[in-house]
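Each remark here refers to the structure printed beneath this line.
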Amino acid sequence: MSVGAELVAQFDRMVRRDGGEVTLLAEEGDLLRVGYRPGNAGPECHDDVCILPQQELHQLMAETLRRRSPNTELVVEVLQ
């Protein structure tokens, strides 16, 4: 399994709890592009605080990726 596929699988499990999804869009050389479809806040959530914002997801994924593949750049695109 590639570094990108492993990273996506790890974070997809995390965002699926709120109905979100992370998918691998492209893995080309030193560039990893992933798509993020945010989930929906459940009835116990207020002001969507239970949904992981794109910036936080990007930061967490980038930190993890840096440890596994320091020269790879990460791009996270929000999907509708």
Original post:
Between Val22 and Met61, is a side chain to side chain contact (heavy atoms under 4.5 Å, CB included) present by the stated rule, with each step listed?
Top reply: CA-CA 11 Å; Val22 176; Met61 290 183 81; 4.1 Å; yes

**OP:** Identify the heavy atoms of Asn71 and Asp30 that sit nearest to each other, and give their distance.
**Re:**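 Result for this residue pair: O-CB, 3.5 Å.
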
If you group Ile, Leu, Val, Met, Phe, Trp and Tyr by side-chain heavy-atom gaps below 4.5 Å, do [X] and [Y] land in one group?
X     : Y     : result
Val8  : Leu60 : yes
Leu25 : Leu32 : no
Val76 : Leu79 : no

Original post:
Do you know which of Leu7, Leu74, Thr23 makes side-chain contact (heavy atoms from CB on, under 4.5 Å) with Val34?
Top reply: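 That would be Leu74.
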
Subject >> Glu27 side chain to Gly4 backbone, donor-acceptor under 3.5 Å >> reply: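 Answer holds: yes.
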
Original post:
How long is the gap from CZ on Arg33 to CD on Glu77, to the nearest 0.5 Å?
Top reply: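 If we round to the nearest 0.5 Å, Arg33:CZ and Glu77:CD are 4.5 Å apart.
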
Is there a side-chain contact between [X] and [Y], using heavy atoms and a 4.5 Å cut-off?
X     : Y     : answer
Leu65 : Val3  : yes
Val75 : Leu31 : yes
Glu6  : Arg68 : yes

